[in-house]
Structure formats: structure tokens, C-alpha cells
Amino acid sequence: MDDYDYSLRHCPWLPRRHFNRDTVEGGLQSLFTTAQHTIDIVAPTPPAYGAVWLVLTTLTYRITGLDRQDTPQEWEKRRDAWYRHGTFTSVPPELRDSAGGAAESNPVEEYFERYADAFFLFGDKPFLQDRRLAAECKQTSGVNKFVLGRPTGVNSATWWTRHHKDKQTPIPPAEAIWWLLVQWYYGAAGQITAREVDGKSSSSSRSGMLRGSMVYIPRGKTLFESLLRSLVPPGEAAPDPGVAAFADECPWEWEAWPSPGRPALQPGGMCALLSAVHNHSMLLVRDDNGDVADVYRTWAYRNPWPALKKIPFLSYEHSKGNTRKANPSRALWRELDALLPSARNNAQPSRDGYLPPAFLAERPDEGIGIAGLTAVAFHQDPKTVDYAWWLSQTPVALAEFLTAADENERAMVAAEIQQLLQTFDTEAWLLRSALRSAWRNGVRSGPKEKLLEAWPNRATPLFWKRAENLFYGLLSGDQSTAPAGDGSQGQHRGQRAIRALTCEIYDEVTDLVVHAETATSADYLLRRAVIRHRPRLNQTAHRK
């Protein structure tokens, strides 16, 4: 490998935050070496965080040897030994004989030495890239097609950016690796750069496996704990008998890349499931300065992947098996019922029939808990359009519940969370319904009827924005978060607090009508309707 290459193993592309809050940049090897002293990684965008986490989890499986199991119980004992050990840089004493490792062996260094040529961004074996594309594609795709958010094509809007079709500014390798990961997992479907294989040219691609999904990631006290909490028994990803599968290998471990015309194969295990399921192939082109000046970006395989095993970071629909999609109108706290470990212990499935991510079912005997959950969301349509991305976190207050050993305690809190969430949903419906009725009965007729949804559309974001603090306050028993006038009476504690919030938003949205200094007869009718339809504190809401 020439000196001009960029090593993901050693070069400073992956920032991490230490306990003193300093951000330190480094490569993959130093990240695992110092994981016990690191709080978290720092990614440039939320989808980059989600994508790199799957790669880091795969490397954790390999470094610890937890990518294999005889029985779930045996695997859990080995995982707990790593928890007690507290570092990836040596093998736990009780595992040294079975792992064949000496006391002075360093699993991190040994793994990266074994694949020393696999973590370069360019060269003979570029990371997550297929060198065949230079011969199989007649033209490159352009770096603007590679970097999300840049305009592409002759009709793209370019007035808010310096980039356009004829100005495709190169990007440094430290930035390029992040976009490579995002394209690998979140890439768009549809027309793409043509690729010719065996005399047949095609330019149609499928979307990446995480496209449009919500990705849930555990947060431990350290990065070391977070990565171990991300692991689930790998036997859950074993291929179905009788269905063809390839080896449980990561793309950087392949001796040669699979044929684009390969038959539909299952991933051979957890590492392949997390890292090797891709529908795009890419090859970066560097310029004389070592920056990425162009990219080949095309389809990877002609045949679709078969039905995949469940990825442990996704929440799946109870009945159909679909993943929960990112929805910008729903914050993380509103999805907590789908993340409850005890949801499957209840007779009723969680709202909308979604189950918690698999990693939440794992409870180490050592009592290593999690400090919360990180949710990575990328709102995308199924094919080509990217709308918005965001990252949210649960507060530390929920950590004890998420890792509580008492099943009865978790079941009680789970039932309370579900009751609270259902009450908030019902109150949001009541607020919209009351505002809609007030306007409809107060305006009666005329062109103003077209504004029927104006009040509800203004009230809804206000309600949900203020509801989050109220939700966490009610869950923790802190009544100071409740709006004034709450007596905490009703079917469950906090029901009147939530109703008080509904009335507060209703009054705020309709204030100009009720307290107008001058009023016409038409305004009087609207004011009377607003007063008549205002929700009452003792009113019972029944959502139709």
C-alpha cells in the first residue's frame, strides 16, 4: 500500500468524546483501544452515526469472539466475562484457554493486523468499494451524487449552494468515509450510473437496508459498555436451513467481491447481516491532492436479497414484520411503548403492533445497564427523496427502568407509559377536534371555511412540544411540570395535568378571538363557539 493512501485504522477520521468532554480524533484501532475511557463517538450527521454504529458493532463481535456461540447460555457467560474485564485490549482471564489467547495478547491489535490491508480508503483493496467498477462503468457518477444534499442534474435548485453540475468540489478522505457509509446503508433506489456485467448493461438500483428506518442504539456509561450492550446472540441471525447462504464475512474480509449476478443468498450470520447486506457498489476516485474528486456509484446485485433476519437495532411490526419508519411528526418519547422490554410480556402488543429492538431483551448478569437510548432517524421516501434527519435521546431517568431486573416493576412502569401515551394521543385528538368544531360552528359559511384546519395545525406542534417535559415529569412523579390548576385527579395520576395542557393550548390559539377589543356580529358568533367548545377539566374524551 502506498504512502498516499488513507488508513481508516490509524488516520484521524472518527472523533470520540472522552470523560473530560474533550473530543479526540483517531482511527478505528484507537477507538477500540480506548473504548473504556470514551463516552461516545461524534458523527457529522445522524445517519452517519447509525451507519458507523453497525460497522463498530460488527467489529466488536469479531474482536471479542462473540460472533460465534454454542448455546445462548454459553454465549451470555462469555459476554458477561467481557463486561467484568472492562477492556477490549486483552482477553478476559476465564476465556484465555477457550480463546487460545495468551495473557499478553491484544485482540484489537490482532484483528486489525490480520486484515491490515482491508482498512484503506484507496489502493488495491479499498474499504467497502469494488475496484471492478472502473472497468464495468463507462462513466463516473460525480461527487455531487455521492454527497447528500448537493444538487444533481441540470434542473436542480442551486441558488443556496455553491455546488452545481459543472462545479463538483472534491471532499477530503475524512469526510468521504462518512458519505460512503451513509450511501452503503441509506442509499436511494431508482436510476443510477449504468454498469455492464457479462455483456448486459443496467442502471436500476434498490434502496439501502436502513433507508427510512428508525435505528435505536443503546447508550452505556462508556463506549465499551455501549458496544457490548449492542450485541445479541449471533445464532438469531443464522440462515434458514435449506436456503443458500454465503459465509459470515464482512466486506473488508472478502478475498474477492461476489459476482453481481450471484443468486439470492442469505447472510451467513450476524456479522454479514450487519455489514454485508448492500444494494450499492461504489469506488472513490482521488485527485493529486489525495481528496475524493469523483465517484463510481452503481448497483451491486441483479438479484434481490431474500427476506432478512431481524436487525437488532430496528423495531419491527408485530404482524407483518415491517420496520418502524422515521416520522418527523413523532418524537422518540412517543415511541417508548415500542421500546419497552416488557411489551412482549403483556397480553396486548404495543401500539401499532411494534416490538422492541432485540438488544433490549439482553440483560447481563453483571448488572451493566444503559444510560438511555439514542434514536437515529432519516426520513426518506422508499426510492429517491431525502427529507430530513435527526437524532434524539431518552433521558437518563429512564435508564433504571430499561435495565431493571424486576420483571414486575418493568411491567408496571410499561403499563403506566402506555397509559400516558394513549392519554396524550387522545388529548391531541380532542384538541384538534374542539378547535375544528369551534371554527366550523363559529364561521358557519363563506370563504373562511377553507381555514378549518388553521387552528388545529397551529395547536398540534405546540401541544407535542410542551407535552414531552410533562410526560417525563409525570413518569418520574414530578408534579412541578404540570400546568397550573392541575389537581392530579382522574383515572391515573396526571390525567388532569394533560387536560390542563390541552386547555392551555386551546386558549392560546383562540386568544385573539376571545379577547378581541372590537368585534363584529360574525366575530361574536365565533367567540361564542370558542367558549362553548372549550374542553373542560372534568370532561371525558373518547376518541372515535
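This structure is a prediction, so every number in the text was calculated from the model and none was measured.
In this structure, CZ on R211 lies 9.5 Å from NZ on K325, to the nearest 0.5 angstrom. To the nearest 0.5 Å, the span separating CD1 on I417 from CG on L474 amounts to 12.0 Å. The distance from the OG1 atom of T323 to the CG atom of L308 is 11.0 Å, given to the nearest 0.5 Å. Atoms CD1 and OG1, on I505 and T460 in that order, are 10.0 Å from each other to the nearest 0.5 Å. If you take OH on Y216 and OG1 on T374, they are separated by 12.0 Å, rounding to the nearest 0.5 Å. Here the CD1 atom belonging to I217 is positioned 10.0 Å from the CG atom belonging to L227, to the nearest 0.5 angstrom.
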Let me see the working for V232 and M270 under side-chain contact (heavy atoms from CB on, under 4.5 Å), right down to the final yes or no. CA-CA 9 Å; V232 300; M270 186 62 72; 3.5 Å; yes
Kindly determine whether Q183 and W179 satisfy side chain to side chain donor-acceptor pair (under 3.5 Å), including the steps that lead there. CA-CA 6 Å; Q183 291 284 356; W179 293 120; over 6 Å; no
For M209 and L54, what are the C-alpha separation, side-chain angles and deciding distance, and is it a side-chain contact (heavy atoms from CB on, under 4.5 Å)? CA-CA 12 Å; M209 73 172 185; L54 267 66; 3.6 Å; yes
Checking V143 against T169 for the side-chain contact (heavy atoms from CB on, under 4.5 Å) test, could you report, in this order, the C-alpha distance in whole Å, the side-chain angles of both residues, the deciding distance, and whether it holds? CA-CA 8 Å; V143 74; T169 307; over 6 Å; no
Let me see the working for I39 and L223 under side-chain contact (heavy atoms from CB on, under 4.5 Å), right down to the final yes or no. CA-CA 5 Å; I39 297 178; L223 179 63; over 6 Å; no
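Not one N or O on the side chain of W53 forms a donor-acceptor pair closer than 3.5 Å with the backbone of A48. Counting only distance, with no hydrogens or angles, the side chain of Y83 and the backbone of R229 share a donor-acceptor pair below 3.5 Å. Remark: side-chain polar atoms of S275 are not paired, donor with acceptor, to backbone N or O of V55 under 3.5 angstrom. Using a distance-only test at 3.5 Å, with no hydrogens or angles considered, no donor-acceptor pair links the side chain of S207 to the main chain of A189. Of the possible polar contacts, none joining the E427 side chain to the T423 backbone as a donor-acceptor pair under 3.5 Å is found. With hydrogens and angles disregarded, no donor-acceptor distance shorter than 3.5 Å links the side chain of S203 to the backbone of Q191. For the pair S437 (side chain) and S433 (backbone), a donor-acceptor distance under 3.5 Å is present. Within the 3.5 Å criterion, the main-chain N or O of N279 finds no donor-acceptor partner in the side chain of R206. Proximity of a side-chain donor or acceptor of W455 to a complementary backbone N or O of A438 within less than 3.5 Å is not detected. Judged by distance alone, the side chain of Q380 and the main-chain N or O of G212 form a donor-acceptor pair under 3.5 Å.
Under the 4.5 Å side-chain criterion, counting only non-hydrogen atoms from C-beta, L430 is in contact with R499. No side-chain heavy atom of Y185 sits less than 4.5 Å from a side-chain heavy atom of H280. Between E453 and R436, the closest side-chain pair of non-hydrogen atoms falls below 4.5 Å. Inter-residue side-chain proximity for V147 and N144 is flagged as unmet; no heavy-atom pair is nearer than 4.5 Å. For the pair R432/N457, a side-chain contact is recorded, criterion being any heavy-atom separation below 4.5 Å from C-beta on. Side chains of M282 and L180 form a contact here, defined as non-hydrogen atoms less than 4.5 Å apart. Side-chain contact between D240 and Q266 is present, with at least one heavy-atom pair separated by less than 4.5 Å. At a threshold of 4.5 Å between non-hydrogen side-chain atoms, the residues E362 and R79 count as touching.
Between S230 and T57 the shortest heavy-atom distance is CB-OG1, 3.9 Å. Annotation for F313 and P357: closest pair C-CB, 4.1 Å, computed over non-hydrogen atoms. When every heavy atom of S315 is checked against every heavy atom of L355, the shortest pair comes out as OG-O, 2.6 Å. The two residues A188 and T384 come nearest to each other via the heavy atoms CB-CA, 3.8 Å. Annotation for S205 and I192: closest pair OG-CD1, 3.8 Å, computed over non-hydrogen atoms. Taking each heavy atom of L501 and A467 in turn, the nearest pair found is CD2-CA, 3.9 Å.
When the options V42, L181, L391 are evaluated for a side-chain contact (heavy atoms from CB on, under 4.5 Å) with Y49, the one that passes is L391. A side-chain contact (heavy atoms from CB on, under 4.5 Å) with P47 is found for exactly one of Y186, W178, W390, namely Y186. Considering D22, T34, T23 in turn, T34 is the only one that fulfils the side chain to side chain donor-acceptor pair (under 3.5 Å) rule with R16.
No side-chain N or O of R324 forms a donor-acceptor pair with one of S213 less than 3.5 Å apart. Side-chain N/O atoms of H533 and N441 include a donor and acceptor closer than 3.5 Å. A donor and an acceptor atom, one from each side chain of T222 and Q36, are nowhere located under 3.5 Å apart. No side-chain donor from either of Y506 and D511 sits under 3.5 Å from a side-chain acceptor of the other.
Ring-plane geometry between F378 and W389 is classed as perpendicular, the angle between the planes exceeding 60 degrees on a 0 to 90 degree scale with a lower cut at 30. Between W184 and H278, the ring planes are parallel. Angles under 30° get that label, and only those over 60° would be called perpendicular. Under the 30°/60° scheme for interplanar angles, the aromatic rings of F424 and W464 are found to be tilted.
The existence of a salt bridge linking D507 and R534 is confirmed by a sub-4.0 Å separation between a basic side-chain nitrogen and an acidic carboxylate oxygen. Salt bridge R466/E504: present, at least one basic N to carboxylate O contact under 4.0 Å.
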